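The structure appears below as structure tokens.
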Protein chains: 2
Amino acid sequence: MKAKVHVTLKNGVLDPQGKAIQHALGSLGYEGVNDVRQGKFIELDLAETDPAKAKAAVEAMCKQLLANTVIENYSIEIIA
Amino acid sequence: MKAKVHVTLKNGVLDPQGKAIQHALGSLGYEGVNDVRQGKFIELDLAETDPAKAKAAVEAMCKQLLANTVIENYSIEIIA
């Protein structure tokens, strides 16, 4: 069973990495880029076969390790 | 118009960051994590209103800046 996790900065949290990308795109001549936000994308391959249990396990992993819930949101997608 | 870009390492390319996460999850007592791969997730807010043109622009950005196409794949999703 696979899980896809997106970890993104919460709204209002400064994203210097995104700003750097936006600036670099501007320097390369790409116009009309209003905003860039960069997050993390984590793919997990789990031995668990029950989708509900897998989601609960990944949720615990996000809270404990994968995301800093003070400044980051996470979303989990379980794929059979 | 918004674009979501996923940049992931190609299969066969070593992912030390993913391995570090896998190892850390093991240390925290999460069992049955067979593999972890970490990629990047980039959200772009574009002034462009035509989906086809937006996709073409983001494709060019990926090739030139966002992804290293020697070792990384990218996928683009355009959201109205």
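Quick caveat, the model's predicted, so the values are computed rather than measured.
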Looking at every heavy atom in both B:Ala24 and A:Leu65, which two are closest together, and how far apart are they?
CB-CD2, 3.8 Å
Would you mind reporting whether [Y] and [X] have side-chain heavy atoms less than 4.5 Å apart?
| X | Y | result |
| --- | --- | --- |
| A:Arg37 | B:Ile42 | no |
| A:Ile21 | B:Leu66 | yes |
| B:Lys40 | A:Lys40 | no |
| A:Val33 | B:Met61 | yes |
| B:Tyr30 | A:Gln64 | yes |
| B:Leu44 | A:Asp35 | no |

Take a 6.0 Å sphere around [atom1] of [X] and say whether it holds more than 12 heavy atoms from other residues, nucleotides or ligands.
| X | atom1 | value |
| --- | --- | --- |
| B:Lys2 | NZ | no |
| A:Leu14 | CG | no |
| A:Lys53 | NZ | no |

Test of understanding: clusters of I, L, V, M, F, W, Y form through side-chain heavy atoms closer than 4.5 Å, transitively. Do [X] and [Y] belong to the same one?
| X | Y | value |
| --- | --- | --- |
| B:Val5 | B:Leu9 | no |
| B:Val13 | B:Tyr74 | no |
| B:Val36 | B:Phe41 | no |

Under 4.5 Å from any heavy atom of chain B - which part of A:Ala60:
both
Go through the steps to decide whether A:Glu43 and B:His6 satisfy the test side chain to side chain contact (heavy atoms under 4.5 Å, CB included), and finish with yes or no.
CA-CA 12 Å; A:Glu43 286 175 298; B:His6 285 91; over 6 Å; no
